[in-house]
Amino acid sequence: MPPAPWPTPRTVRQAAELHARLTTSGHLLHHPPSARHLLNSLVNCLEPHPLHLRYALHLFDRMPPSTFLFDTALRACSRAGSDPHCPFLLFRRMRRAGVRPDGFTFHFLFKCSSSLLLCTMLHAACLRTMLPSAAPFVSNSLIHMYIQLGLAAEARRAFDEIHVKDAVAWTMVISGLAKMGMLCDAQLLLSQAPVRDVISWTSLIAAYSRANRAKEAVGCFKTMLSHGIAPDEVTVIAVLSACAKLKDLELGRSLHLLVEEKGMPTSENLVVALIDMYAKCGDFGHARQVFDAVGRGPRPQSWNAIIDGYCKHGHVDVARSLFDEMEVRDIITFNSMMTGYIHSGQLREALLLFMSMRRHDLRVDNFTVVNLLTACASLGALPQGRALHACIEQRLVEADIYLGTALLDMYMKCGRVDEATIVFRRMGKRDVHTWTAMIAGLAFNGMGKAALEHFYQMRCDGFQPNSVSYIAVMTACSHSCLLNEGRMYFDEMRILYNIHPQIEHYGCMIDLLGRSGLVDEAMDLVKTMPIQPNAVIWASILSACRVHKHIDLAQCAAEHLLKLEPDEDGVYVQLYNIYIDSRQWENASKIRMLMEERQVKKTAGYSSITVAGQVHKFVVSDKSHPRILEIIAMLEEISHRLKSVGYSPLTSQITVDVDEEEKEQALLAHSEKLAIAFGLISLAPNLPVHIRKNLRICEDCHSAIKLISRLWNREIIVRDRSRFHHFREGTCSCNDFCKMMSAVSSITMFSVHPQGW
DNA sequence: ATAGGGTTAG
C-alpha cells in the first residue's frame, strides 16, 4: 500500500479526524509509517491536558513497539506534564520489551525528572546502556536538566565530564551558572570558551544587572564590544536594565540610537526596557515619547514601567492618572502604585487601592502584603498589621522569607517583641535580613543583651553579617549602653569581615561613648574619622554634653548643627536647655531671640493611640476630644495619685516664665499624658496602653509614666522618635537612658504621616 | 524529534 498524502494535523481535533480516516481505510493497522505520522503529529499539538495525554498513550498502546515510538510517548509525557510516574513506567516497559533506548529516550526522561536522586539514577542508566555516538546530545540535556533543577555543582560536573564539548554545551553552562548567580564561575568559563557568542555574553550581562552589580554589567558589555561581538536586541534589553539602575542616561540614550540606526526589531520587551530606563533616569520627555508612540498597548508592562518611574520621582499624581487610563491592570500595576503612595505618605490611598484589588479580581500576592506591612510598621499600625498576619495564617498568600521578615519587622516596630519572636521562631527559613531585622528590633526595644545573643546565634548558624547587621548590633550597644561590647564589635567588623564603618556605625559608636561619659573620646573619634560628620553625630555630641555638663563643647557642636540644619528647632531647644541648666540666662535668651529672628518653627508634638480601630490624636493642651471632660478627670486622678507616692513634677523642663502651679498644669497637658489618660478610661483593663509619639518623650512624662504603670498595674508602651519604652511595674525597658535621649535613629523607625488609616 | 540569552515591583 503506497504512503497516503495525509495532511499534517495542527490541532488535537484534526488529529482525531485523521485517526478516524486511518482506521476506516485500514492504514492504522497495516501501514506503520502512517500510524507513526499520526502519533507524532498528535504529540506536536498536545496541550498540557490529562485527556490529551491519555489519548496519545492509548494510540501508542495499539502500535508495535520501537525505540522511536517509545521516544514519542516520552515526548508526549514531557510536553503534557503527565503524572510523575508515567515516564518511568514507560521506561520500565521499554526495557522489559527489549527495546533499546537511545539519546532521545534519555533526553525526554531527563526533561520529566524532578529530583537529584532520579537524575543520578538516570545518568547511571544512561552511561550503562547508551551508545557512545549519542553522547553529546545526552550530556547537553543532562546539563540542561541540572540547571532547571537549580543544581549548579552537578551541572558543572556534567559539563566537565564531557570530552568533546560543542558550542551549545559551553553557552548552556555559562548562562546556567550566570542565572544561578555564580558569576565568578560563569565569567571564568566565558574567558576559557573557544567560542564566545552573543548569548553567553548577554546572559552574563543580565546576571550582573540582576545581582545589583550594574557597573560590572556595563563593563562586561564593553568587553563584549571590544571582542567584536555585535549586540542584538536581547543584549540591548539587558544593558538598558543596568543603565536604569545606574541612572546612566547617556549610555541608555546611545543604546536607543543604536536600535534606531540598526533598525533592530522593537519588541514589546525592548519598549518596556527603554521606557523603564528613561523613567528611572528621570528623563520623562523621552520616556513619554516612546510610551506615547508604542507603549500604549493593551498589555500592562510598559504602563507599569512608566508608572513606577513617576512614583519613584515623586509624581504620584501623574502616575495615578495613567493608572486610571489603563484598560488592563495586573498585580504589578497595583503594587507599584501602592508603593508610590506609601513612600509619599499617602497611606489611606494605598489602603483604598489594596481594598479595590478584590473588586478587580486580583489575588493579593506576598509582594502586596510586604508593601502593606512596611506601611504598618512605619505607622505603628498594629491592628492593621495583625489583620495582614491573619491573611497569611489563612493562607491567602503563601508565606515566604520576605513576608516573614516584614511581619517580624512590623511587630518589632509596633513594640510587640513577644509576637515578633513567635514569628521568628516559626520561620522555617531565615536569611541575613531576617536575623538583622530581629537584632535591630530587639535593639530599639531596649533589649540589647538579647540582640547580641541573637547576633551570636546568627553566626553559629552560618550567616555572615553584613554592614546593616553591624548597624543593628551597634544600635543595640548604644541603646543599652554596652560600652565594652560596642568597642569590640566596632573593631571586629573591619578585622573579621572587612566591613568599613559607615556614618551610621560611627554615629552609634560616638553616641555610645557620649552616653558613657567619655565625651572627649567621642570628640576624638569625630575628629579622626574619615567621613564628614553629619547632623546626627553632632546631635549625639550635643546631648552627651548636656548630660555630662560640657558647656564649651556643647557650643561647638551646636554651631556645627546650626550650620547643617538651621531650620530644625531641636538644636535651639537643646542649646537653650543647656544654658538654663548651667544658669547662663543671658545666653539662653540670646538663643530664643535667634530662633525668633530666623523664624524657626517648633515642630508640633503629638501622641496618638488606637482604640477599637479608631486613631485618636492629641496635641499639647488639646481640648478638642469629645470625651475631654472624662480625660481631664482622669488626669486629675493621675496627678493626685502620683503626688501621694511622693512624685514631684519636673518643672525645670518648662522654660517659660510662669509660676509653679502653671508649670505643673502645662506638664499635665503634654500630649502623651492626654493619650494615656484616654487609654486608661477607654481600653479594657487587661490591654496594654500603646502610644505613638512623633517627638521624643520628655523626662517628666517618662518618670510619671513609670509610676502610672505601677499604680494602675498596666503595661504602657510608648514609641517615640527613635525607640520604644516598655513601662511595666514602675520600670522602663530603656533603663532611663531617656535622660540622655539618643539622637541616633540609624534604623529608620518612624516616618511622619499626615493622616492615620 | 534536541539543547542556550531579556523587561516591569520589595
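Every chain is numbered from 1, with letters handed out A, B, ... down the list of sequences. Small disclaimer: the values here were computed from a predicted structure and weren't measured.
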Problem set entry | B/dG5 base / A/D232 side chain donor-acceptor hit below 3.5 Å | yes

For this session: Work out which heavy atom in A/P265 is nearest to a heavy atom in A/E233; give both atom names and the distance.
Result: O-CD, 3.3 Å

Problem set entry | Atom pair distance, as rounded to whole Å: CG in A/L204 and P in B/dG6 | 11 Å

Problem set entry | Side chains of A/T434 and A/D431, donor plus acceptor under 3.5 Å | yes

Exercise. Do any N or O atoms from the side chain of A/H389 and from the backbone of A/G385 form a donor-acceptor pair under 3.5 angstrom?
Worked result: no

Exercise. Heavy-atom contacts under 4.0 Å between residues 303-327 of chain A and DNA chain B, which residues?
Worked result: A/N304, A/D308, A/K312

For this session: For DNA chain B, find the residues of residues 275-284 of chain A with a heavy-atom distance under 4.0 Å and give them by number; none if there aren't any.
Result: A/D276, A/K280

Problem set entry | Donor-acceptor under 3.5 Å (A/S241 side chain, A/I237 main chain) | no

Exercise. Nearest-Å distance, CG (A/L270) to C1' (B/dG5)?
Worked result: 14 Å

Exercise. Which part of the nucleic acid does A/T235 contact within heavy-atom distance under 4.0 Å: base, sugar-phosphate only, or nothing?
Worked result: base

Exercise. Can a cation-pi geometry be assigned to A/R75 and A/F104, taking NZ or CZ under 6.0 Å from the six-membered ring centre and within 45° of the ring axis?
Worked result: no

Exercise. Centre of A/W435's six-membered ring, under 6.0 Å away, within 45 degrees of the axis: is that where NZ or CZ of A/R430 sits?
Worked result: yes

For this session: Check each residue of residues 142-161 of chain A for a non-hydrogen atom within less than 4.0 Å of any atom in DNA chain B, then write out the ones that pass by number, or none.
Result: A/H144

Exercise. In residues 210-231 of chain A, what residues come within less than 4.0 Å of DNA chain B, judged by heavy atoms?
Worked result: A/R210

Exercise. Quick one: A/H37 NE2 to B/dA1 P, roughly how many Å, whole number?
Worked result: 11 Å

Problem set entry | A/E233 CD - B/dG6 P separation (whole Å) | 13 Å

Exercise. When all nucleic acid strands are considered with a 4.0 Å heavy-atom cut-off, which category describes A/T72: base, sugar-phosphate, or nothing?
Worked result: nothing

Exercise. Does A/G309 offer a backbone N or O that forms a donor-acceptor pair with the side chain of A/H313 under 3.5 Å?
Worked result: yes

Exercise. Side chain of A/F108: nearest nucleotide among B/dT8, B/dA1, B/dA3?
Worked result: B/dA1

Seminar exercise, completed: Closest of B/dA1, B/dG4, B/dG6 to the A/A206 side chain is B/dG6

Exercise. Can you check whether A/S200's main-chain N or O pairs, donor with acceptor, with A/D197's side chain at less than 3.5 Å?
Worked result: yes

Problem set entry | side chain to side chain contact (heavy atoms under 4.5 Å, CB included) partners for A/A193, two or more places apart | A/W170, A/I174, A/R196

For this session: Can you tell me the distance, in whole Å, between the CG atom of A/L42 and the C1' atom of B/dA1?
Result: 15 Å

Exercise. Centroid-to-centroid, A/Y278 to A/F291, below 6.0 Å?
Worked result: no

Problem set entry | Interatomic distance, A/R196 CZ vs B/dG5 P [rounded to whole Å] | 20 Å

Problem set entry | Nearest-neighbour nucleotide for the A/I199 side chain, B/dG10, B/dA1, B/dG4 considered | B/dG4

For this session: Tell me whether A/F104 is stacked on the nucleobase of B/dA1, counting only the six-membered base ring and applying the 5.5 Å and 30° thresholds.
Result: yes

For this session: Verify ring pair (Phe, Tyr, Trp, His ring centres under 6.0 Å) between A/F354 and A/F334, making sure each step is shown before the conclusion.
Result: CA-CA 8 Å; A/F354 171 63; A/F334 275 87; 10.0 Å; no

Exercise. Could you give the CZ-to-P distance, from A/F110 to B/dA1, as a whole number of Å?
Worked result: 22 Å

Seminar exercise, completed: The side chain to side chain contact (heavy atoms under 4.5 Å, CB included) partner of A/I307 among A/H315, A/R320, A/K312, A/M326 is A/M326

Problem set entry | Side chain of A/N335 (C-beta onward), nearest among B/dA9, B/dT7, B/dA3 | B/dA9

Exercise. At under 4.0 Å between heavy atoms, what does A/N40 touch on the DNA or RNA strands: base, sugar-phosphate, or nothing?
Worked result: nothing

Seminar exercise, completed: Which of A/D308, A/T374, A/N371 passes side-chain hydrogen bond (donor to acceptor under 3.5 Å, both in side chains) with A/T339? It is A/N371

Exercise. Less than 3.5 Å between a donor and an acceptor, one on the side chain of A/T171 and one on the base of B/dG4, is that the case here?
Worked result: yes

For this session: Answer with yes or no whether A/D197 presents, from its side chain, a donor or acceptor under 3.5 Å of a partner atom in the base of B/dG4.
Result: yes

Problem set entry | Listed nucleotide nearest any side-chain atom of A/D365, set B/dA9, B/dT7, B/dG5 | B/dA9

Problem set entry | Candidates B/dG4, B/dA9, B/dG6 - which lies nearest the side chain of A/N269 | B/dG6

Return all side-chain donor-acceptor pairs below 3.5 angstrom for residues 144-154 of chain A, not counting sequence neighbours, or 'none' if the list is empty.
none

For this session: Nearest whole angstrom, please: distance from the P of B/dG10 to the CE of A/M337.
Result: 13 Å

For this session: State whether the side chain of A/S209 and the backbone N or O of A/I205 hold a donor-acceptor pair below 3.5 Å, judged by distance alone.
Result: no

Exercise. Any cation-pi pair here, A/R93 with A/F70, using under 6.0 Å and within 45°?
Worked result: no

Problem set entry | Short side-chain N/O contact from A/K179 to OP1 or OP2 of B/dG6, under 4.0 Å | no

